[in-house]
Structure formats: C-alpha cells, structure tokens
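Shown next, in structure tokens, is the structure this report addresses.
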Amino acid sequence: MIENLPPCPKCSCEYTYEMNALVVCPECGHEWVPAEGGTEGGDTAEGWGRVVKDSVGNELRDGDSVVVVKALKVKGSPSGIKAGTKVRNIRLVDGVDGHDIDCKIDGFGAMQLKSSVVKKA
Ligand SMILES: [Zn+2]
C-alpha cells in the first residue's frame, strides 16, 4: 500500500487510487507509476556521504590545504581575501548557502568558504 497517493499530474485531482502497480485518476483516467518515496539515485545516507570538490574537481577532505582562487569580499575587512591566499587545515561542513568549507584564515579568523572558490594546494 502506498499512503498519501500523489495527486494526478495531469489534472491535479486528489482522488487518485491505486490499481495494481499504478495510480489511477478518476477524473481524467490518467494512469501512472508512482515515484518511490525518499531519495532518488545514489544513497546519500544520513549526513556525510557527500563529496566536496574544489573549483577544478579535486575531492577535498578534512585537513586539506587549499588556495583561494579568486578575491573574496569579507564583511568588515577593507581588503578582503586575495586570490592565492593559502588556507590550511580545512574542515568540510554542511554550511548554509553552499558554504561547505570551515576554516581559519590568517588575519581573518574563522570563516566559511565555498568549495567553488578554492583549489587543493
Ligand atoms: Zn487526472
């Protein structure tokens, strides 16, 4: 049994019902195979099955050193982070807004970067 049958993709009727392996819409007669619930494709088990890659596709790991490949603005800093700045001992995190690297940068302190702006050193 499938609970919470999806509404009809054609007419969005909610009174769909199951027939064999199909879901049937009583309104327009559309029949389709319901999508399996949950994740699709690769199994990204809880949390950390994710691969973080740098700007050129190298896989990054906790403890790696990277180089910032483009100048970054930093709140409260007039100069920001320059391209070529080396960052040691990164930590991969599931940060907000695509920031997936947690690190400390000399002169700036702890911050989060996006893996797309660094290259493995
Ligand atoms: Zn329908």
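Looking at heavy atoms from C-beta onward, Cys13 lies in side-chain contact with Pro26 at the 4.5 angstrom threshold. Between Leu60 and Lys120 the shortest side-chain heavy-atom distance falls below 4.5 Å. Between Ile101 and Val118 there is a side-chain heavy-atom pair separated by less than 4.5 Å.
Cluster annotation: Val66 and Ile105 are assigned to the same hydrophobic cluster (Ile/Leu/Val/Met/Phe/Trp/Tyr, side-chain heavy-atom contacts under 4.5 Å, transitive). By the criterion of side-chain heavy atoms lying less than 4.5 angstrom apart, applied directly or through intervening Ile, Leu, Val, Met, Phe, Trp or Tyr residues, Val68 is grouped together with Met111 in one hydrophobic cluster.
The main-chain N or O of Val56 is found under 3.5 Å from a side-chain atom of Asp54 such that the two form a donor-acceptor pair. Between the side chain of Ser65 and the main chain of Ala121, no donor-acceptor pair closer than 3.5 Å is present. Although no hydrogens or angles enter the test, the distance criterion places no donor-acceptor pair under 3.5 Å between the side chain of Ser77 and the main chain of Val74.
Closest of all the heavy-atom pairs between Asn89 and Gly63 is OD1-CA, 3.3 Å. Minimum heavy-atom separation, Leu5 to Glu18: CD1-N, 3.8 Å. Summarising the geometry of Thr16 relative to Pro7, their closest heavy-atom pair is CG2-C, 4.1 Å, with the distance given to 0.1 Å.
Between atom CG of residue Asp64 and atom CZ of residue Arg88 there is a gap of 12.5 Å, rounded to the nearest 0.5 Å. Taking SG of Cys103 as the reference point, atom CZ of Phe108 lies at 11.0 Å (rounded to 0.5 Å). In this structure, the separation between CD1 on Ile90 and CD on Gln112 is 12.0 Å, given to the nearest 0.5 Å. One distance of note links OG of Ser116 with NZ of Lys53; it measures 14.0 Å at 0.5 Å rounding. The distance from atom CD of Glu59 to atom CG of Leu92, rounded to the nearest 0.5 Å, is 9.0 Å. Going from atom NE2 of His30 over to atom CG of Leu22 covers 10.0 Å, rounded to the nearest 0.5 Å.
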| request: Output, in order, the C-alpha distance, side-chain angles, deciding distance and verdict of side chain to side chain contact (heavy atoms under 4.5 Å, CB included) for Leu113 and His99. | output: CA-CA 5 Å; Leu113 298 173; His99 291 78; 5.6 Å; no
| said: Run Trp32 and Cys8 through side chain to side chain contact (heavy atoms under 4.5 Å, CB included) and show every step you take. | reply: CA-CA 9 Å; Trp32 73 99; Cys8 175; 4.1 Å; yes
| Trace of the side chain to side chain contact (heavy atoms under 4.5 Å, CB included) decision for Val87 with Val67 | CA-CA 6 Å; Val87 183; Val67 174; over 6 Å; no
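Under 4.0 Å is where a charged nitrogen must lie from a carboxylate oxygen, and between Asp100 and Lys114 no such pair does.
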